[in-house]
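As the structure lists them, so they are numbered: ligands from 1, and atoms in each ligand from 1.
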Amino acid sequence: MSKLKGNVALVTGGADGIGEASCRALAAEGASVVITDIDLQRSQALAGELGENAMAAELDVRDEAAWSSVLGEVMARYGQLDVLVNNAGGAGAGSIEDISFDDFRESLRLNLDSVFIGCKLAMELMKGRGGSIINVSSIHGIRAAAHAASYSAAKGGVRLLTKSVALQCAQQGYGIRCNSMHPGYILTTQMEDWVAKQDDPDAMMAGLVAQHPIGFLGQPTDIAAGIVFLASDDSRFMTGAELVMDGGFTLV
Ligand SMILES: NC(=O)c1ccc[n+]([C@@H]2O[C@H](COP(=O)([O-])OP(=O)(O)OC[C@H]3O[C@@H](n4cnc5c(N)ncnc54)[C@H](O)[C@@H]3O)[C@@H](O)[C@H]2O)c1
C-alpha cells in the first residue's frame, strides 16, 4: 500500500491515541512521518518502531516558536511538507458555571490557537507545491456539550477555521486542501483509563455507547483510516469539508 509514497506528514500529539494510530496508518501508506508530541520519549519509541522513514520531535502545540523550530528541522531533513494533521488537543471539561475565564482561555490555547498556528506556518511551506491539512475537531465541534463549554467553543472554532483556511487556499490557487475530522467517542488508552476510574465504569461505558446509535465506540484505527483518506488524493475533490466518523452520535 503506497497511497502516500513520497509524502512527508507531520502529526501533532502523535505519541498516543488517535495521533499514534494516524502515524502508523500514514507510514503504512508509504509516507515519511514526523511524530511530534510533548512526550518526546514516547514519540522516539514510536519512530524507532516505524523505522527510517519516521522522525520524532518535541512540540508543544501552544508554542509558536517551537512550531517554527520543528518545521525548520523537517525542511532541513526532507525539504518538503505535504500533510499536516493538527491532532493534539483535549482537556476542556466543565460547564460555563464550573470553569473560570482562565480555564476557558487555556482550553482555547490548546485546542484552537494551536490549529491556527499550525495552519498558518504549514501553508507557507505548502504553497505552490500543494498539500493537505487535517484539523481534528470533534462531535462537540458540531453539537455542543453543556459539560464542556470551552471544548465545544474551541472545537466549533476549529470547524469554521478549517473552512476559512480552505477557502483562502482555494481562492489563492495554493493547491492546499484543508478539512476537519469529527470523531465520536474513541477508545483510546486515556479514555479507557478515565472510564475505569469512575464509580461505576460499566454504567459509564454503557451510557457512552448508548449515545452512539451504531452500538459501539470507535477505535483509534477507525479515525486513522479517515485521516489517510483526507491526506491522500482519494479526497482530492474535498476541501473545507467535515469528515464525521461518530457511529451516528450527531444524528440524534
Ligand atoms: N478520544 C476521543 O474520544 C476523541 C473524540 C473526539 C475528538 N477527539 C480529539 O482527537 C484528538 C486526539 O485525542 P486522543 O483522545 O487521541 O488524545 P490522547 O489523550 O489519547 O493523546 C493525546 C496526545 O497529545 C499529546 N499532547 C497533549 N498536550 C499536548 C500539547 N500541548 N502539545 C503537543 N502534544 C500534546 C499527549 O502527550 C498525547 O500523546 C484531540 O484533538 C481530541 O480532542 C478525541
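Asp37 and Ala15 get closest at one heavy-atom pair: OD2-N, 3.0 Å. Of all the heavy atoms in Lys127 and Ile176, the pair that sits closest is N-CD1, 3.8 Å.
Ionic pairing of Asp16 and Arg42 is present here: one or more N-O contacts between side-chain nitrogen and carboxylate oxygen are shorter than 4.0 angstrom.
Between the side chains of Arg177 and Ser235, at least one donor-acceptor pair of N or O atoms lies under 3.5 Å.
Each of Gly13, Ala15, Asp16, Gly17, Ile18, Asp37, Ile38, Leu59, Asp60, Val61, Arg62, Asn87, Ala88, Gly89, Gly90, Leu110, Val136, Ser137, Ser138, Tyr151, Lys155, Pro183, Gly184, Tyr185, Ile186, Thr188, Gln190 has a non-hydrogen atom positioned under 4.0 Å from some atom of ligand 1.
Heavy-atom neighbours of Ile96 CD1 from other residues, nucleotides or ligands within 6.0 Å: at or below the threshold of 12.
The six-membered or imidazole ring of His182 lies away from that of Phe249, with a centre-to-centre distance of 6.0 Å or more.
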